[in-house]
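Quick note on labels: first sequence line is chain A, next is B, and so on, each numbered from 1. Only a predicted model underlies this, so the values are computations on that prediction, with no experimental measurement involved.
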Protein chains: 2
Amino acid sequence: MADPIPRRPDASRQRNLSRILRRIHVAPATRSDLTRLTGLNRSTIGTLVADLTERGLAIEDDASSAGQIGRPSPLVRPSDRPVAMTVNPEIDAITVGVVQLGGRVLRKDRIEVSHRPSVAEAVAVTAEAVARISADLAGDHDVVGLGAAVPGIVRMPDGFVRIAPHLGWRDVAFGEQLQAATGLPVQAANDAILGAQAEWIFGAGRGSDDLLYVNGGASGIGGGIVSGGAPLRGASGHAGEIGHVTVRRGGSLDSAGQQGTLESEVHRAGLLRALGLPTASPDEFERILLASKAGAVTSEVHRQIDSLVVALATAVNLLNPSRIVLGGFLGSLAAVDLRRIRDGVAAHSLDPLWDGVDIRRSQLGSDLLTIGAAQLPIEALIAGL
Amino acid sequence: MADPIPRRPDASRQRNLSRILRRIHVAPATRSDLTRLTGLNRSTIGTLVADLTERGLAIEDDASSAGQIGRPSPLVRPSDRPVAMTVNPEIDAITVGVVQLGGRVLRKDRIEVSHRPSVAEAVAVTAEAVARISADLAGDHDVVGLGAAVPGIVRMPDGFVRIAPHLGWRDVAFGEQLQAATGLPVQAANDAILGAQAEWIFGAGRGSDDLLYVNGGASGIGGGIVSGGAPLRGASGHAGEIGHVTVRRGGSLDSAGQQGTLESEVHRAGLLRALGLPTASPDEFERILLASKAGAVTSEVHRQIDSLVVALATAVNLLNPSRIVLGGFLGSLAAVDLRRIRDGVAAHSLDPLWDGVDIRRSQLGSDLLTIGAAQLPIEALIAGL
DNA sequence: CGCCTTCGTTGCGCGGCACGACATACTGGG
DNA sequence: CCCAGTATGTCGTGCCGCGCAACGAAGGCG
């Protein structure tokens, strides 16, 4: 019943163009692939691809030679001209990136900051980096927009940051300010939601239409949901906050001041403490965690997994996903004992819903949020024409 | 002139016909309403409505104008000829119903059974009732299909019942058997999911695009989700099983043998026990519950609400709904102390996600599952135009 | 080297929709 | 009671997007 669609001319054409561009954004395809995937006629695909090529959004490669019988079909892939810029403000750095259609990260500048950046500082640093990078790109690429992945709760249509506890931001119009400072169309969303989209399209979630992504960050746990082949947004774009799901009565407090939630029970700090480390990079952390045989470490890992599975099983019962992807330090937990996670979720969820659920760790590593943030302007480009 | 060539409507035509039929199924609308809501041209709406009228799916009323200036626009409403048949097998009765487009329940036959019906018995009783009712309807109505609301976990595309603990059914092709026995196209789904759709379209969920419906039945708790203006299905159509969400560690067992889940903590039986009643009809139950001032009852109500809110808050954090509808005995709990429910969910969910959530009790009463089950064949009719 | 298969290309026809012109029905004021 | 104003239904026209069929191109295979 999502009906109130402001009708644009050529709705059908537009929709077919979007379908094709979205497909080749996810993965290049030959023209004959496109005819099969869309159900459209060969001749129609021809005109549509020509249209996309004329607009500078797609290119055709003759490099097929797939050994197939019959006339070879040219490979259609996204043009490398259009790019999305991205920003990911964090506690100790602001990362600005450039991503092509097709998901390739062209550039990623990590700008270290000496202290937790205020909104104004984040906007200023971003605007400066965007201007510098834009100058470098000029002539070779067209920037279609700026996507921001914010570690906090971001209202979806307008990029208004409700709360970003880690950054200390609250009720700030980050999207608007960024748009004013950069002159680019800006969209912002929660980082885990964007991470979910990145893993869904280009990572461990590929091929699944019903995905739950859960990310373990230094400051908390976030999540993102894909359901029925589309990102699940909820009423205000906040869906997926699995970190604040209750897993037990009592217990310690999480970043939102609540007791017994997933992120109050499962956190990187507890593992570091058990390992006797003050801090560690993600790679280092996982290496040491995997190498450790200490009983204290094993028991902390088990304790955290036993809380994690309760939250995952809850999500399985509610959402009936076909795949769960674990990112951040939760991916490290999966590396240590994926079996315990699977068995635990199986035990706490209903059999018919657990049936066929695949739990994996994430694949995209440090490009995750850059690719995810780029998805905002790229999807806007795709849907808009 | 009769067209010798069977017209195969274009995809775009089909979509527009579906949009219009779906709209007037939800609520009658004037032609001018339809032009505004769909964005289509007046003339196009004219041909589309004429098409629906010719097919016997819609009728136009020369509605007395509502005092509007200008030429009055005729009211378009669904025809009363097409009807959906429904069946709802329960432990002590099998209810077979007839529902029109527009959601009006024409008939509802409750066939009492002396013992818990086996699948074969349920199919036989249903087939007999369907045949009898069909004979009565013949000439006046066209049956478009049969929808089944089953208290259990039902695989979505094919109506295969994985588990219906209350009925003692397990892995039976209920949908197929029903189809063979009745000769009608059959679709089946979980009862709470269908209840959610009924409340969404015709009940307390009207107007919300992001809805959580939670139903408290005699044998357990089920739920259904609407997200982004469409029912949330999940990978196999099982999404919404909130009854088996964990709300505490330990505790007693639920119908699936799990500990500390919502339905192991919140159940009608506990309230009946506190009231000192062996059994009671839903209406009677609520009347006595509301009248009771005993401390044991109040404390049991509080105990159950305090568990309920944990599950609801979990769903709020995961799904970001804009409305929650409570049905069955959970509606009675809401009648007793809605305030405590609201405050509890608020306390356990994140502020930005709680913001604007409306918690209500259900409205459709005993027609709930009949209307919900009818939604299956009706939506198939609408989508299949 | 010729046949087969598959795919791109071109011209044609159809169906759906928007648009403009005209007809129609109701409100409200004189 | 009539007339202006307004909103809407109806009809004819034209555009556009797509499917279809015939033809040509490009590679595999014997």
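- In this structure, A/T44 reaches the D/dG19 phosphate: one of its side-chain N or O atoms is under 4.0 Å from OP1 or OP2.
- Applying the 4.0 Å criterion to OP1 and OP2 of C/dC17, one finds that B/N16 has a side-chain N or O inside that range.
- Checking C/dC19, C/dA25, C/dC17 against every side-chain atom of B/N41, the shortest atom distance belongs to C/dC19.
- Between C/dC7, D/dC18, C/dG16, one nucleotide has an atom nearer to the side chain of B/D10 than all others, and that is C/dG16.
- Ranked by how close their nearest DNA chain C nucleotide is to the 5' end, A/R71 and B/R42 are led by A/R71.
- Close to D/dT8, at under 4.0 Å from its OP1 or OP2, lies no side-chain N or O of B/T35.
- Counting only heavy atoms from C-beta outward, the side chains of A/F202 and A/R104 never approach each other to under 4.5 Å.
- In this structure, of C/dC7, D/dG9, C/dG16, it is C/dC7 that holds the atom nearest to the side chain of A/S32.
- The residue A/L40 sits close only to the backbone: its heavy atoms come under 4.0 Å of sugar-phosphate atoms, none of a base.
- OP1 or OP2 of C/dC17 has at least one side-chain nitrogen or oxygen of B/S12 nearer than 4.0 Å.
- Here the side chain of B/R31 is nearest to one of D/dG9, D/dG5, C/dA18, namely D/dG9.
- For the residue pair B/Q179 and B/V186, the shortest heavy atom distance occurs at OE1-N, 3.3 Å.
- A close approach under 4.0 Å does not occur between any side-chain nitrogen or oxygen of B/R13 and OP1 or OP2 of C/dG15.
- When only modelled atom types and interatomic distance are considered, A/N320 and B/S236 share a side-chain donor-acceptor pair under 3.5 Å.
- Taking side-chain N and O atoms only, A/S73 has no distance below 4.0 Å to OP1 or OP2 of C/dC7.
- Nearest to the side chain of B/L48, among C/dC17, D/dT10, D/dG17, sits C/dC17.
- Rounded to an integer number of Å, the gap from CD of A/Q68 to C1' of D/dC29 is 14 Å.
- Using a 4.0 Å cut-off, some side-chain N or O of B/R36 falls inside it from OP1 or OP2 of D/dT8.
- One interatomic measurement links the two molecules: CD1 of A/I45 to C1' of D/dG19, which rounds to 12 Å at whole-angstrom precision.
- By the salt bridge (charged side-chain N to carboxylate O under 4.0 Å, His left out) test, A/D358 pairs with A/R342, A/R360, sequence neighbours left out.
- Using a 4.0 Å heavy-atom cutoff across all strands shown, A/S43 reaches at least one base atom of the nucleic acid.
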